[in-house]
Amino acid sequence: MMVDTSESQIEMDKHPSCFTIEQVASRTGLTRRTLRYYEEVGLLPAAERTEGNYRRYSEEDIQRLEHIKAYKNLLGFSLHDIRVLLATDQEREVIKEAYRQETDIETKIAQLAQTDVLIEQQLQLVDQKIAGLLEMKASLQERLARHAETRKRLQDS
C-alpha cells in the first residue's frame, strides 16, 4: 500500500476537515476541471489555499457541489439559473440568521416577507422549467398519437 506523502496531502492532513481537489472530485463525481470552472464562474466560492497554494475544500463546499449537481443533472437548470438559485439560498440564510437573533415582532414579519419574495423567485424558475417540460411532454404525446393514427391507416389499407 502506497502512502501519499505529497506536499498537498501533508498539508491537508494538518486540516482533517479539508479535502483536496482529488478527494472532492472523487466524492462528487465531478472532474477537477469542472471544480475549477465552477470556482471561476462563481458557482463555488474561491477555495481556501494551503501554504503550497493547493486548494482546500470544506464539507460545506461539497454540499454546495451536490446541490449544483442536482439542479443541473436532475432538474436541467442552466449554470446561470443555478447561480441565481444558489445566490437566493444564500440570501435566505442571511435573513434566517437575522430572524433568529431578532426580537421585534414587526421586524420578524418583515424578514418573513423578504424570504417569501426570494422563495417566489425560486418558484418562478421551477415553474418555467415545469412548463417547458410539460410542453415537451405534450409534443411527444402528440407524435405518438399521430404515429398510432398512421399505423392504423396503414393496417386498414
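Note that this is a predicted model, so its numbers are computed, not measured.
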Notebook entry, point to check: So, Q101 and E97: side-chain donor and acceptor under 3.5 Å apart, yes or no?
Noted result: yes

Next item on the list: Would you list the pairs meeting side-chain hydrogen bond (donor to acceptor under 3.5 Å, both in side chains) in which at least one residue belongs to residues 129-147, sequence neighbours left out?
Entry: none

Next item on the list: Hey, could you give me each pair passing side-chain hydrogen bond (donor to acceptor under 3.5 Å, both in side chains) that has a residue in residues 105-114? Not counting sequence neighbours.
Entry: D104-T107

Next item on the list: Evaluate the side-chain proximity of R56 to R49: yes if any heavy-atom separation is below 4.5 Å, no if none is.
Entry: no

Note to self: Suppose clustering is done on Ile, Leu, Val, Met, Phe, Trp and Tyr with side-chain heavy atoms closer than 4.5 Å. Which residues sit in the same group as I109?
What the structure shows: I105

Margin query: Any carboxylate oxygen within less than 4.0 angstrom of a Lys/Arg side-chain nitrogen, looking at R32 and E22?
Written below: yes

Can [Y] be reached from [X] by stepping across I, L, V, M, F, W or Y side chains whose heavy atoms are under 4.5 Å apart?
{"X": "L65", "Y": "V41", "result": "yes"}
{"X": "Y37", "Y": "I82", "result": "yes"}
{"X": "I62", "Y": "Y71", "result": "yes"}
{"X": "L123", "Y": "L85", "result": "no"}

Notebook entry, point to check: How long is the gap from CD1 on I130 to CG on L125, to the nearest 0.5 Å?
Noted result: 11.0 Å

Item checked: Residue pair E39, Y57: steps toward the side-chain contact (heavy atoms from CB on, under 4.5 Å) verdict -> CA-CA 11 Å; E39 184 179 327; Y57 295 93; 3.9 Å; yes

Item checked: Q128 and D81: CA distance, side-chain angles, deciding distance, side-chain hydrogen bond (donor to acceptor under 3.5 Å, both in side chains) verdict -> CA-CA 11 Å; Q128 288 171 0; D81 289 342; over 6 Å; no

Notebook entry, point to check: Which atom names give the shortest non-hydrogen contact between R92 and L118, and what distance separates them?
Noted result: CG-CD1, 3.5 Å

Next item on the list: Mark yes or no: R27 above the aromatic ring of F19, with NZ or CZ under 6.0 Å from the six-membered ring centre and no more than 45 degrees from the axis.
Entry: yes

